[in-house]
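Just so you know, ligand 1 is whichever comes first in the structure, and atom 1 is the first atom listed for that ligand. Note that the numbering runs from 1 along the sequence shown for the chain.
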Amino acid sequence: MASSTTTRSEALFARARAVTPGGVNSPVRAFKSVGGTPRFIREAHGAYLTDMDGARLVDYIGSWGPMILGHDHPAVREAIAQALQGGTSFGAPGEREVELAELVTRLTGAGRVRFVSSGTEATMSALRLARGFTGRKYIVKFRGNYHGHADGLLVEAGSGLLTNADGVLGPSAPSSAGVPEEYAALTLVSEYNDPVALDALMARRGHEVAAVIFEPVVGNAGVLVPTPEFLAALHRIRASGALLIADEVMTGFRLSLNGATGLLGLSPDLTCWGKIIGGGLPVGAYGGRAEVMDFVSPQGPVYQAGTLSGNPLAMAAGLATLRTLEADPGIYDRLETYTASLAAGLRAAASEAGVPLSLNRVGSMLTAFHQDAPDGAVRTYADAARSDTAGFARWFQAMLARGVYWAPSQFESIFVSGAHTGTELDITLDAARAAYGRVRE
Ligand SMILES: *Cc1c(COP(=O)(O)O)cnc(C)c1O
């Protein structure tokens with residue numbers, strides 16, 4: 001049930017703003033693009049968050065991706081509790097790191113993997129490795145793709161940056177203050193889903209490019225689905241000697257046990273993981289071809305380190321999550337079925353209320369763009385930017401008031417978990433029918 005008061009969240013937000021910039025530790029949590037007070041969360045179980053005022057909310061954020069099994073899953077909780085008996089950090093190698101590396105390499109086909117503590121560290125390290133391996137300086141990324149907040153990647157990046165100004169996507173390079181132009185100049189930007197532009201860029205600059213990094217299914221400009229022609233162009237970049245880096249921080253273990261790479265038949269040189277790989281604790285990883293990975297220190301000359309890398313609690317949570325997924329391969333079909341029904345229900349509710357929607361969905365990732373393009377026609381950052389963000393904000397608030405916590409930005413994916421059942425689907429679609437009625441007000 002949704003509670004009508006947000007008194008405690010408001011009080012905490014006021015305290016938080018006095019001691020933390022904007023009151024939050026990651027920008028999109030502040031609700032800037034949808035307005036209102038962010039809900040402070042007391043606890044989370046299964047498909048639900050409970051806020052500080054006691055409202056129980058159906059959760060479609062899943063901690064922005066990691067919670068594919070639902071919150072507080074018993075296998076994950078027990079694995080962490082067991083690891084805790086043995087202490088919280090060793091600063092020396094342990095068995096769980098080996099087990100998780102064996103599992104990840106087996107599921108993904110990577111030759112070697114290195115654990116870090118966040119997705120940002122994974123992409124940052126993979127790019128340093130690509131530069132060290134190729135001896136080249138430049139990297140290529142795509143407009144609206146987000147790869148974490150390392151300096152050279154905050155160039156035409158995704159949602160948190162795109163929505164914070166005033167909810168509107170806008171070109172800006174670099175997309176953050178504090179990133180020297182000289183850093184940004186080493187990042188070449190191309191348009192997602194534009195194979196002609198990528199071919200042209202690589203023909204001109206390919207000999208200087210260390211790596212092309214991409215989101216194989218974009219989640220950070222809202223969901224964007226790659227076309228087969230674009231995927232073919234991505235694979236062609238290797239003719240120039242550049243490495244192909246799939247950023248599967250969001251899609252890894254979500255779209256299949258081998259991520260988008262498995263689903264779409266990609267063959268990247270390096271892959272970055274995060275989110276699900278830590279099962280709700282801080283873990284990132286990068287891996288790929290052994291001859292490339294063996295450039296990483298101490299085996300090779302590319303330095304990368306981490307005090308808490310391979311942390312036993314984090315490894316335990318990741319292991320329990322991936323083992324649970326592997327033991328229940330039907331989970332991906334269930335996520336597909338739920339999210340397809342959710343998409344169909346949203347489409348019906350919106351059309352009844354006369355609200356145009358353009359839906360993009362892959363498995364349990366979904367964005368309903370408030371615009372009148374046909375489903376699937378939103379393919380680029382510029383397409384996504386045509387959405388009615390004010391209408392989305394009204395819909396978001398109406399959903400929240402009815403106990404459904406959607407992603408607080410038009411330019412984000414939502415995430416369904418294995419804990420979402422028909423009950424939550426009914427609650428969500430009842431709320432959606434009412435909420436679409438509020439969009440035009
Ligand atoms: C979340 C995300 C990152 C950054 O991961 P953090 O753990 O937040 O540093 C990088 N790439 C993609 C595709 C992501 O979705």
Side-chain angles (χ1 to χ4, degrees), residues 24-30 60-68 114-128 139 141-164 175-176 187 192 211-226 234 244-255 259-261 263-264 266 268 270-287 304 306 308-309 311 314 317-318 321 360 362-367 381 384 407-409 411-415:
V24 292
N25 286 303
S26 197
V28 78
R29 297 178 195 171
Y60 283 99
I61 301 188
S63 191
W64 297 98
M67 312 315 297
I68 191 169
R114 167 60 65 84
F115 293 114
V116 292
S117 298
S118 69
T120 293
E121 274 186 272
T123 57
M124 179 185 82
S125 307
L127 288 169
R128 183 183 304 135
I139 60 161
K141 77 177 287 289
F142 298 96
R143 291 185 79 209
N145 283 202
Y146 176 69
H147 303 292
H149 62 89
D151 283 334
L153 289 167
L154 287 180
V155 178
E156 311 252 352
S159 165
L161 294 151
L162 304 174
T163 49
N164 267 343
S175 35
S176 165
T187 303
Y192 198 78
V212 176
I213 187 167
F214 70 107
E215 285 187 71
V217 169
V218 179
N220 290 294
V223 172
L224 304 177
V225 186
L234 281 168
L244 186 59
I245 304 180
D247 180 353
E248 293 237 47
V249 171
M250 185 181 285
T251 52
F253 313 103
R254 173 157 292 277
L255 298 183
T261 297
L263 192 72
L264 300 171
L266 306 174
L270 294 174
T271 303
C272 302
W273 296 279
K275 299 186 170 127
I276 290 174
I277 201 172
L281 269 70
V283 182
Y286 62 107
Q304 186 269 306
L308 293 176
S309 296
N311 174 270
T321 299
N360 278 353
V362 179
S364 56
M365 292 170 60
L366 162 77
T367 300
Y381 163 103
S409 161
F411 307 113
E412 295 283 359
S413 177
I414 58 108
F415 302 103

For [atom], what's the nearest protein heavy atom and its distance?
atom: atom 3 (C) of ligand 1; value: Val249 CG1, 3.6 Å
atom: atom 8 (O) of ligand 1; value: Thr120 OG1, 4.5 Å
atom: atom 5 (O) of ligand 1; value: Gly119 CA, 3.2 Å

For the atom pair CG (Leu255) and OG (Ser364), what is the distance rounded to the nearest 0.5 Å?
->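 Going from CG on Leu255 over to OG on Ser364, the span is 6.5 Å.
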
May I ask you to test the Glu215-His147 pair for a side-chain heavy-atom distance under 4.5 Å?
-> yes

Proximal ligand 1 atoms for [X], defined as those under 4.0 Å from one of its heavy atoms:
X: Tyr146; answer: 11 (N), 12 (C), 13 (C)
X: Glu215; answer: 13 (C)
X: Ser118; answer: 7 (O), 9 (O)
X: Asp247; answer: 10 (C), 11 (N), 12 (C), 13 (C)
X: Met250; answer: 15 (O)

What part of Asn220 sits under 4.0 Å from ligand 1 if we count only heavy atoms: the side chain, the backbone, both or neither?
->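 The side chain, only.
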
Quick one: does ligand 1 sit under 4.0 Å from the side chain of His147, the backbone, both or neither, non-hydrogen atoms only?
->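 Looking at His147 and ligand 1, just backbone atoms fall under 4.0 Å.
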
Contacts of Phe214 that satisfy ring pair (Phe, Tyr, Trp, His ring centres under 6.0 Å) - sequence neighbours left out | none

Return yes when Lys275 approaches ligand 1 closer than 4.0 angstrom through a heavy atom, no otherwise.
->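 Yes, Lys275 has a heavy atom closer than 4.0 Å to ligand 1.
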
For the backbone of [Y] and the side chain of [X], can you confirm whether one donor and one acceptor N or O come within less than 3.5 Å of each other?
X: Thr187; Y: Leu153; answer: no
X: Arg114; Y: Gln304; answer: yes
X: Ser118; Y: Gly284; answer: no
X: Arg254; Y: Ile276; answer: no
X: Thr120; Y: Gly148; answer: no

